[in-house]
Structure formats: C-alpha cells, structure tokens
Enquirer: 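Quick one: the structure is below, and I'll ask about it shortly.
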Amino acid sequence: MAISKQSVYEPLTENTAISLALRLGLFPEGTPLTCREIGDGNLNLVFHVVDQTKNKGVIIKQALPYAKVVGESWPLTLKRATIESNALRTFSSYVPEYVPKVYYSDESLAITVMEDLSHLQIARKGLIEGKTYPLLSQHIGQFLAKTLFYTSDFGLNQQQKKQLAQSFVNPELCKITEDLVFTDPFFDHDTNNFEEELRDDVETLWNNSSLKLETAKLKRKFLTEGDALLHGDLHTGSIFASDEETKIIDPEFAFYGPLGFDLGQFLANLLLNALSRNEEEREPLFAHVEKTWEVFQQTFSELWENQNVETYAKVPGFLQEVLDRTFTDAIGFAGCEIIRRTIGLAHVADLDGIKDKEERLNAKRHALRLGKTLILKRESINKIQEIRQLFTQTTLV
Ligand code: SR1
Ligand code: MG
C-alpha cells in the first residue's frame, strides 16, 4: 500500500487503532477486533490488533512526537517511523527471513503496520528467564553479514550506495546515541542514573583520561564513518526469538555508520545478560558471543569472495583488514554499550532486575570493569574467545 500524505497526526488509542485497521482494509468490515497497547520500549506506542475469531492479528506501531521514557519535555522527530519502515523494507530485500513483513506505512500518522510476531518472545525477556535460543547467534551473524555487505560499497555500486545512504540520514536519533552511548555516561551529566553506592566506581571512570580518549575515538567513528546501513539499536530488546526463529524489529535508529556498531551492541547485550547470571549458567551466552562473530566473519567473507563489486576486492590482505577493523571496533562499541546500560539513562532489565541489592551492585561493578577493559584493550584482542577470559578477569575479587 502507498504512503498517504493526507492523514493528520494524532496519537492512536486502542479504539482508534481498531478503527484504523478496519479503515485500511486490514480486516473485513465488521470483524470483531480487540486491541491492546503493548509497547514496553522507550519511545513508541505499539498496538496489537487481533481478530479473535480467527486468532489473526497485526501490529500497528506509532511514533510519539517525544521520547516516552522521559516525557513531552524531550521532543523527538516523527520521521523515525519512516526510517523504520524503509529500513525494514531494505533489510527484507536481503534477509526476508529475519524481519517482520511490513503491510503498510503512513508518514503523516508516523505508523508502520506489520506482521504479528506474538508467537515469539522478546529475546531479552527470554534470556532473563534463562532461555538460550540455540539459533540466535547464527541468525544474527547472518543478518548482520548480509545487510552490512549488501548495503556497503562492496555490495552496491557507488551511486546506489550514496543514494541509499542519503535516504537514511537520521540526525535526531543519531544524536541520542552520540549522547547516551558515547558521551553522557563518561561525564557527570544529569541524564545519568545509578545507585549512590556506585558513585566511587563511577567517579573513577569519569576521572580516567585514557578511557575518555579511547571513547572519543569510538564516538568519532560513529559520527563520521558511513560504511553500511545499520540497524542502529540492535540490543536484545530489538529481537523477537524462539528456538527456531529470529526476527529483528525496531530499526528507527537506522543510518549509514561503521561496520562494527550493530555487532558491538548485540555482543554487549549478550554480555549484560551473562553478567546477570550465575557463573555456571553463562556458557550459552559466551557461546553466542563467539558464534555471532564466527558466522558474521564466514558469511561476510563468502559474500566478499563471490559478490564484491569493488575493484580492490581481490587484493591480498584487504578483506582481512576490513574484518580486523570491524572486530576491534565492535569490541570497543560493546564496551561503551555495557557502560551506558549500567549507569546511563536507559538501563536493561537484565541488571536492574537482580533482586538482591549486593548481587546487583556487584554485577554492575563487574559491568563497569568489563566495559572499561573492552574499550581500553580492544586493539590487543585478537580472538573472540578472549572475551570470556576478560569477563572472568574482570570479576570482582
Ligand atoms: C531516549 S531513548 C533511550 C534508548 O532507547 C532506545 O532503545 C535506544 O537504545 C536509546 O538509546
Ligand atoms: Mg527500540
């Protein structure tokens, strides 16, 4: 269905979402529909509209003109809904198996109507419950290798890539990441949020000038390198999963950025879950960290060998240089994500949900040490298996 320019924006309610679903012809007139607002993210409304008689539903996601997590005092562009639906469509052209189908989008209403994935579970929730999702890393490794390769200068001709990059210029959402991931947690900024008991650890971090220098280098990469179309917010809350399936949702932060960013955010969120688990339950997370990188590396290399449009592709050493740089950057980005999810504005339930206060504080101290180590040591980490060693070495004694 085409994007209509005629609608006037207003936030939907459960009732108006039903009317909209009928008006759009998503269900035959007279279908008895129910609707629940199920959005539990930081930014948007999400309506689950269901035909109870056929047990068939759709999702209507609507951007609000402000950040829900803070309130109306933080205005936020509605254009992110169009970025999201266009990113889903672009990803779908490369990996339809890993994204929801988009049925309809409307720029003026800031809505995307998409496939109902309620047979799956948000991966963060499942991981917190102790699920392991055996195929998660294989699927995410493939999703990343394919979408990053095919939208880069290695998979697209130079003109097409620049045009695509232009359509994903996303300054407002990038600013959120520049501030909340790369800046505020490393300074005494009022968006930060941490337990008073962590103040000494946090102040030590704020006073670490080597850490600030290395984080500044990572932030610069995020600001300036436009390698490929990124999801831009690939944490485990942006992934629906089951033991068999994986679907990536919520790419409203999509933009052209550095190859290692999505990988880093995903690895960080696996490690954040590992930080919330007892030692003997961490193995599936370490295995996912390793497999994500291995699958990414292998899939990206195969695409490079067989489908590269860049004249220099066959020059010995070029692929290895790109992989090495992506690996090192991903580790640094992972460190930033771990730190910001621990002391910044937007936390994760993996850590905040640890009921015992001492255990929770220790897990958060461990997170800060791990994040700091990943940023500072990234250039000397050569193998993905070293991450589990660093995880153990940064455990509090
Ligand atoms: C104000 S938005 C806070 C966070 O939620 C989103 O999911 C992004 O991760 C962002 O940094
Ligand atoms: Mg999101």
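All ligand and atom numbering here is 1-based and tracks the order in the structure.
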Enquirer: Extract all N/O-N/O pairs under 3.5 Å that connect ligand 1 to the protein, and present each with both atom names and the distance rounded to 0.1 Å.
Expert:
{"unit_1": "ligand 1", "atom_1": "5 (O)", "unit_2": "Asn42", "atom_2": "ND2", "d": "2.7"}
{"unit_1": "ligand 1", "atom_1": "7 (O)", "unit_2": "Asp233", "atom_2": "OD2", "d": "2.7"}
{"unit_1": "ligand 1", "atom_1": "9 (O)", "unit_2": "Asp233", "atom_2": "OD1", "d": "2.7"}
{"unit_1": "ligand 1", "atom_1": "9 (O)", "unit_2": "Asp233", "atom_2": "OD2", "d": "3.4"}
{"unit_1": "ligand 1", "atom_1": "9 (O)", "unit_2": "Arg340", "atom_2": "NH2", "d": "3.0"}
{"unit_1": "ligand 1", "atom_1": "9 (O)", "unit_2": "Arg341", "atom_2": "NH2", "d": "3.1"}
{"unit_1": "ligand 1", "atom_1": "11 (O)", "unit_2": "Arg340", "atom_2": "NH1", "d": "2.8"}
{"unit_1": "ligand 1", "atom_1": "11 (O)", "unit_2": "Arg340", "atom_2": "NH2", "d": "3.4"}

Enquirer: Of Lys221, Arg220, Lys217, which is the lone residue that meets salt bridge (charged side-chain N to carboxylate O under 4.0 Å, His left out) with Asp329?
Expert: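 Going through Lys221, Arg220, Lys217 one by one, the salt bridge (charged side-chain N to carboxylate O under 4.0 Å, His left out) with Asp329 is satisfied by Lys221 alone.
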
Enquirer: If you link I, L, V, M, F, W and Y whenever their side-chain heavy atoms are under 4.5 Å apart, who else ends up in the same group as Leu223?
Expert: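 Via sub-4.5 Å side-chain contacts, Leu223 links to none.
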
Enquirer: Side-chain contact, heavy-atom cut-off 4.5 Å: Val322 with Trp304?
Expert: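 Counting from C-beta outward, Val322 and Trp304 do come under 4.5 Å.
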
Enquirer: Checking ring pair (Phe, Tyr, Trp, His ring centres under 6.0 Å) for the pair Phe391/Phe286: CA distance, chi angles, key distance, verdict?
Expert: CA-CA 9 Å; Phe391 190 102; Phe286 294 146; 5.0 Å; yes

Enquirer: Does a salt bridge link Arg325 with Glu379, judged by any charged N lying under 4.0 Å from a carboxylate O?
Expert: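 Looking at Arg325 and Glu379, the cut-off is met.
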
Enquirer: To the nearest 0.5 Å, what is the distance between CG on Asp243 and CD on Gln121?
Expert: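 Reported value, rounded in 0.5 Å steps: 10.0 Å.
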
